[in-house]
Enquirer: 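Take a look at this one; I'll ask things after.
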Amino acid sequence: MAQLPSRTEILDWVNAHPDATAKRDIAKAFGIKGAARIELKRILKELETEGLLERRRRHYHDAERLPPVTVLQLLPPDRDGDIFAKPMEWQGDGPVPRILYAALKSDPALAPGDRILARLIETRGEDHDYQARLIRRIGTVSHKIVGIYRASSGGPEAGGRILPIDKGNDKEWVVPAREVHGAQSGELVEAEQTGPRGRLGLPMARITERLGDPSAPRAVSLIAIHQHGIPDDFPDEVMAEADAAKPATMKGREDLRRLPLITIDPSDARDRDDAVAAEIREDGGADIWVAIADVAHYVTPGSALDREARKRGNSTYFPDRVVPMLPDILSGDLCSLHEGVDRPVLAVRMRLDAQGNKVSHSFRRAMIHSAASLSYEQAQAAADGNPDEVTAPLLDAAIRPLWHAYGLLKTARARRQPLELDLPERKIVLTPDGRVKSVNFRDRFDAHRLIEEFMVLANVAAAEELERLRRPLLYRVHEEPTVEKLDALREVAAASGFTLAKGQVLQTRHLNRLLEQAQGSDFDELINMTALRSMQQAYYHPENLGHFGLALRSYAHFTSPIRRYSDLIVHRALILGHKWGKDGLSGWDIENLSETAQQISETERRSMAAERDTTDRYLAAYLADRVGAEFSGRISGVQKFGAFVRLDETGADGLIPIREIGREYFHYDPDAQILMGAETGLEIGIGRRVTVRLSEAVPLTGGLLLELLEVEGRPLPQGLGQRGKGKGPMRKRATQARLAEVKRAQKRRRIRRK
């Protein structure tokens with residue numbers, strides 16, 4: 001009988017014969033037969049356990065090397081245009097091998113994220129470890145899953161399942177043992193679909209990342225980051241560029257350091273995009289200065305920083321963290337307009353007449369020196385006559401001129417009549433360890449409105465300036481509501497006792513009249529929320545399609561380049577148009593403007609969804625200890641499966657499943673937005689005040705389930721039950737008759753109000 005090989009001999013043979021690594025191949029190579037195969041199996045198992053060999057199906061290979069044929073995922077091109085790829089199953093202890101995709105002319109066009117089966121060639125003395133040659137494309141980016149891994153009871157060899165954490169999604173995913181990759185039962189994991197439905201009728205998945213304890217306080221935003229695919233780590237080459245950045249000099253810049261510019265931001269702000277100042281003129285008008293961080297100086301077209309910023313599109317804000325568009329050395333330091341330091345800017349001076357009309361504007365590339373970094377509360381207190389030691393010296397030079405200019409802009413705004421939605425913003429306050437301390441509504445000051453009006457005017461000036469210069473730009477577009485959405489808003493308004501004009505070209509002043517009718521009533525928040533839902537979603541576009549909500553003809557985002565890529569594009573267009581330097585809009589930028597608009601519109605929606613999901617989860621965590629408690633609220637939505645309620649105390653939204661509304665059958669009318677009881681005639685409609693009991697709060701999904709107790713202060717009537725009397729066609733006709741009467745009453749009410 002042949003002598004068993006040593007562990008070193010086995011490893012050397014596997015490395016030398018990567019195409020023949022099955023156990024039988026190894027046994028044949030060393031002449032191992034019969035019972036000795038059992039001992040060989042034991043040695044191979046030891047090497048696998050120690051991580052020196054990896055078993056793939058029935059083959060072994062060196063865990064520190066990739067097999068000659070493997071599955072890769074293509075990465076975006078680097079700054080030199082080279083395409084690299086990452087191996088999908090790297091198990092080594094060292095750094096992930098660097099693989100250059102060497103495309104042939106005959107290869108099909110591939111995109112970042114595509115998966116390929118490739119043959120690898122080891123390279124020596126290069127900046128990469130392997131070259132990859134395409135065998136065939138396997139597919140595009142797989143569907144991502146974030147969920148809780150649960151190991152099967154059959155032990156490690158049985159694999160497990162992933163339980164989803166999305167609200168309304170109860171589909172599980174089967175994870176084979178070979179795809180678990182060390183995940184422990186109960187861990188939060190990220191995975192991807194690897195195949196169709198398996199023998200249990202469930203789709204197959206591979207765990208790609210272990211995210212840790214799902215109950216950890218700071219896992220809430222982490223879930224959203226991974227669930228929505230928000231990049232939260234900067235590549236090394238991006239960080240290297242950021243670290244190499246140097247403060248800007250005065251070369252080619254106008255010196256505006258004499259101006260009493262100040263920043264006004266939230267008290268916890270980390271980055272400061274904008275500084276403002278004003279000068280009162282003898283004719284009653286004012287000159288407004290808005291200075292915006294010159295991010296284009298640091299983030300140049302085609303650089304690694306630029307590609308990463310475009311990929312992210314914008315910063316994403318969570319209660320416990322920010323996922324920035326730019327590395328912190330830029331966003332929090334060199335680009336940020338901190339007080340007491342020189343900072344490069346693009347500044348605009350806007351002249352207002354005594355009626356608040358903008359009569360002229362002019363742009364310049366400049367250097368400023370912020371006099372103070374104020375919070376909204378500080379600035380407001382100073383304007384109200386209660387300055388502190390910081391704001392007292394600024395009253396005459398900065399604060400009072402700013403409020404004078406704001407008064408002029410308010411007059412102009414009243415004439416323009418943009419949409420005046422009043423929607424309180426929730427503020428989730430966390431403890432130092434990341435748990436929810438309280439849920440409040442943010443205070444709203446004139447200081448907030450002042451900054452908003454200054455920024456709107458600067459954005460208008462930027463759009464008009466680029467139109468004058470005939471330079472391409474990205475507009476912020478907001479189209480008017482669709483007929484269907486307006487009809488739905490009218491139904492809600494009518495059900496609440498209000499009217500919305502019909503039969504004329506809709507303008508924002510018509511919507512403002514509806515909002516004025518509801519102001520101060522029990523339906524105030526409901527009408528504001530429904531009006532918001534009737535609006536189209538704003539987006540970016542290289543063509544000017546107007547901004548309905550702001551009632552503006554031309555509008556572009558110029559004022560937040562630290563956190564929005566759209567603003568960086570506008571800055572570059574201004575630099576190109578004014579010939580301020582070589583870091584203006586590039587030919588590639590112009591050629592791909594439409595694609596950039598679509599990309600950053602999508603990343604904006606992604607961030608909004610992630611922020612909303614995180615808020616829902618924090619609210620569910622906050623309320624989890626109050627299951628069984630009663631809350632007041634208002635019906636905010638009606639569907640055939642139940643009714644949504646917005647709770648007064650926190651603004652959280654919960655669902656009353658149809659089974660929890662009453663013991664009778666409920667008919668759903670989508671036009672009237674009503675659920676009506678077939679036996680009692682109980683109406684559950686948008687805007688109704690209700691008392692509910694919290695029956696379930698699930699922090700992992702952000703879901704709240706409620707039980708209905710009272711409608712408009714009255715307990716639920718006792719229906720006869722779905723299995724009781726009033727069943728069949730007679731009940732259906734009775735319900736339809738009641739609904740018809742409801743609609744006739746709504747129509748009579750509208751006629752009376754007209």
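All of these numbers come straight from a predicted model, not from anything done at the bench. When a residue number appears, it is its place in the shown sequence, counting from 1.
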Enquirer: Before we go on, tell me: are the rings of Y539 and H478 under 6.0 Å apart, centre to centre?
Expert: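 For Y539 and H478, the ring centres are not under 6.0 Å apart.
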Enquirer: List the steps and the verdict of side-chain contact (heavy atoms from CB on, under 4.5 Å) for F641 and L655.
Expert: CA-CA 9 Å; F641 53 80; L655 172 67; 4.0 Å; yes
Enquirer: Are any non-hydrogen side-chain atoms of H228 and T316 less than 4.5 angstrom apart?
Expert: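 H228 does not reach T316 side chain to side chain.
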Enquirer: Would you say the side chain of Q639 lies within less than 4.5 Å of the side chain of F644, judging by non-hydrogen atoms?
Expert: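 Counting from C-beta outward, F644 and Q639 do come under 4.5 Å.
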Enquirer: With distance as the sole test, does E683 use its side chain to make a donor-acceptor pair with the main-chain N or O of G681 at under 3.5 Å?
Expert: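 Not confirmed, E683 side chain does not pair with G681 backbone.
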Enquirer: Please say whether more than 12 non-hydrogen atoms of neighbouring residues, nucleotides or ligands are located less than 6.0 Å from CZ in R270.
Expert: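 Result for CZ/R270: open.
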Enquirer: Check R476 with E604, please: is the shortest side-chain N to carboxylate O separation under 4.0 Å?
Expert: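 So E604 pairs with R476 through a salt bridge.
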Enquirer: Where do S607 and S315 come nearest, in terms of heavy atoms and distance?
Expert: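 Distance-wise, the nearest heavy atoms are OG-O, 4.3 Å.
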Enquirer: Do I684 and R688 pass the side-chain contact (heavy atoms from CB on, under 4.5 Å) test, and can you show the C-alpha distance, the side-chain angles, and the key distance before you say yes or no?
Expert: CA-CA 7 Å; I684 306 293; R688 296 262 172 147; over 6 Å; no
Enquirer: What I'd like to find out is whether the side chain of E192 reaches to under 4.5 Å of the side chain of W173, using heavy atoms alone.
Expert: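 E192 vs W173: side chains apart.
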Enquirer: Could you walk me through whether R606 and E602 pass the salt bridge (charged side-chain N to carboxylate O under 4.0 Å, His left out) test, one step at a time?
Expert: CA-CA 6 Å; R606 176 182 69 183; E602 290 172 355; over 6 Å; no
Enquirer: Roughly how far, to the nearest 0.5 Å, is the CG atom of L163 from the OG1 atom of T701?
Expert: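 One gets 12.0 Å once the value is rounded to the nearest 0.5 Å.
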Enquirer: Let me confirm one number: the CD1-CD distance from I661 to E707, rounded to the nearest 0.5 Å.
Expert: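 It comes to 11.5 Å.
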Enquirer: Keeping E172 on the side-chain end and R161 on the backbone end, is there a donor-acceptor pair under 3.5 Å?
Expert: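 Absent.
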Enquirer: Would you check if there is a donor-acceptor pair between the side chains of R321 and S221 at a distance under 3.5 Å?
Expert: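 Present: a donor and an acceptor within the cut-off.
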Enquirer: Is there a donor-acceptor contact under 3.5 Å from the side chain of D567 to the main chain of T559?
Expert: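 Answer holds: yes.
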Enquirer: Judged by modelled atom types alone, do D232 and H226 share a side-chain donor-acceptor pair under 3.5 Å?
Expert: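 Their side chains do not contain a donor-acceptor pair, so the 3.5 Å distance test is not met.
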Enquirer: Testing the basics here: between A191 and I162, what is the closest heavy-atom pair and its distance to 0.1 Å?
Expert: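 What the structure gives for the nearest pair is CB-CD1, 3.4 Å.
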Enquirer: Could you tell me whether D273 and R564 have a side-chain N and a carboxylate O separated by less than 4.0 Å?
Expert: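 Here D273 does not pair with R564 in a salt bridge, since their nearest N and O are not under 4.0 Å apart.
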Enquirer: Quick one: does Y618's side chain get under 4.5 Å of V439's, heavy atoms only?
Expert: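 The answer is no, as the side chains (C-beta and beyond) never meet within the 4.5 Å cut-off.
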Enquirer: Is the closest basic N to carboxylate O distance between R444 and E452 below 4.0 Å?
Expert: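 Looking at E452 together with R444, the answer is yes, because their closest N to O distance falls below 4.0 Å.
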Enquirer: Inspect the contact between R449 and E453 and indicate whether a charged nitrogen and a carboxylate oxygen are less than 4.0 angstrom apart.
Expert: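 Looking at E453 and R449, the cut-off is not met.
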Enquirer: Where do I600 and N314 come nearest, in terms of heavy atoms and distance?
Expert: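 In terms of heavy atoms, the two residues are closest at O-OD1, 4.3 Å.
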Enquirer: Write down the atom of P319, the atom of T614, and the distance for their closest heavy-atom approach.
Expert: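 In terms of heavy atoms, the two residues are closest at CD-CG2, 3.9 Å.
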Enquirer: Does a side-chain heavy-atom distance below 4.5 Å link I225 with F318?
Expert: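 When only atoms from C-beta onward are counted, F318 and I225 do touch, with a gap below 4.5 Å.
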Enquirer: If every non-hydrogen atom of L700 is compared with every non-hydrogen atom of I223, which pair is closest and at what distance?
Expert: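 Shortest heavy-atom separation between L700 and I223 comes out as CD1-CD1, 3.9 Å.
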Enquirer: OG1 of T482 to CD of Q536: how many Å apart, nearest 0.5 Å?
Expert: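 The CD atom of Q536 is 5.5 Å from OG1 of T482, to the nearest 0.5 Å.
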Enquirer: Decide whether S566 and Y540 meet the rule of one side-chain donor and one side-chain acceptor closer than 3.5 Å.
Expert: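 Per modelled atom types, S566 and Y540 side chains form a pair under 3.5 Å.
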Enquirer: Between E664 and T680, does any side-chain donor sit less than 3.5 Å from a side-chain acceptor?
Expert: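 Yes.
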Enquirer: Check the pair D320, V220 against side-chain contact (heavy atoms from CB on, under 4.5 Å), reporting the backbone distance first and the verdict last.
Expert: CA-CA 9 Å; D320 66 329; V220 176; over 6 Å; no
Enquirer: Are side-chain heavy atoms of S331 and M325 found at a separation under 4.5 Å?
Expert: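 Answer no - side chains too far apart.
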Enquirer: If only atom types and distance count, is the side chain of T208 paired as donor or acceptor with the main-chain N or O of E190 below 3.5 Å?
Expert: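 Yes; at least one donor-acceptor contact below 3.5 Å.
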Enquirer: Would you say the side chain of V180 lies within less than 4.5 Å of the side chain of Y149, judging by non-hydrogen atoms?
Expert: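 In short, these two side chains touch, coming nearer than 4.5 Å.
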Enquirer: Is the backbone N or O of Y317 less than 3.5 Å from a side-chain atom of E611, with the two atoms forming a donor-acceptor pair by type?
Expert: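 Yes, E611 side chain to Y317 backbone: donor-acceptor pair under 3.5 Å.
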Enquirer: Atom NE2 of H448 and atom CD of E425: how far apart are they, to the nearest 0.5 Å?
Expert: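 Between atom NE2 of H448 and atom CD of E425 there are 8.0 Å.
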Enquirer: Which heavy-atom pair separates Y622 from K437 by the least distance, and what is that distance?
Expert: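 Heavy-atom minimum between the residues: CE1-O, 3.9 Å.
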Enquirer: Tell me whether Q380 contacts the main-chain N or O of E377 through its side chain, where contact means a donor paired with an acceptor under 3.5 Å.
Expert: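 Looks like no, no N/O pair under 3.5 Å.
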Enquirer: Between E712 and R689, is there a side-chain N and carboxylate O pair less than 4.0 Å apart?
Expert: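 Salt bridge between E712 and R689, a charged N being under 4.0 Å from a carboxylate O: no.
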Enquirer: On the six-membered ring of F523, is R634 placed so that its NZ or CZ lies under 6.0 angstrom from the centre and within 45° of the ring axis?
Expert: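 Yes, cation above the ring, under 6.0 Å and within 45°.
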Enquirer: Any chance you could lay out the salt bridge (charged side-chain N to carboxylate O under 4.0 Å, His left out) test for E649 and R626, step after step, and finish with the verdict?
Expert: CA-CA 13 Å; E649 181 182 330; R626 300 174 67 183; 2.7 Å; yes
Enquirer: Is a donor on one side and an acceptor on the other found under 3.5 Å between the side chain of N512 and the backbone of P418?
Expert: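 Present.
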Enquirer: Please report the C-alpha distance between F234 and E308 in whole Å, then the side-chain angles of each, then the deciding distance to 0.1 Å, and finally whether the side-chain contact (heavy atoms from CB on, under 4.5 Å) criterion is met.
Expert: CA-CA 8 Å; F234 286 104; E308 185 69 15; 3.8 Å; yes
Enquirer: Has Q378 got a side-chain atom pairing as donor or acceptor with S375's backbone, closer than 3.5 angstrom?
Expert: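 Answer holds: yes.
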Enquirer: Roughly how far, to the nearest 0.5 Å, is CG of L421 from CG of L511?
Expert: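 It is 8.0 Å, given to the nearest 0.5 Å.
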Enquirer: Under a 3.5 Å distance rule, please check whether T508 uses its side chain to pair with a backbone N or O of G549 as donor and acceptor.
Expert: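 Looks like no, no N/O pair under 3.5 Å.
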Enquirer: Between D653 and L704, is any pair of side-chain heavy atoms under 4.5 Å apart?
Expert: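 No; the side chains remain at least 4.5 Å from each other.
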Enquirer: Could you tell me the separation between the CZ atom of R490 and the CG atom of L500, rounded to the nearest 0.5 Å?
Expert: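 It is 4.5 Å, given to the nearest 0.5 Å.
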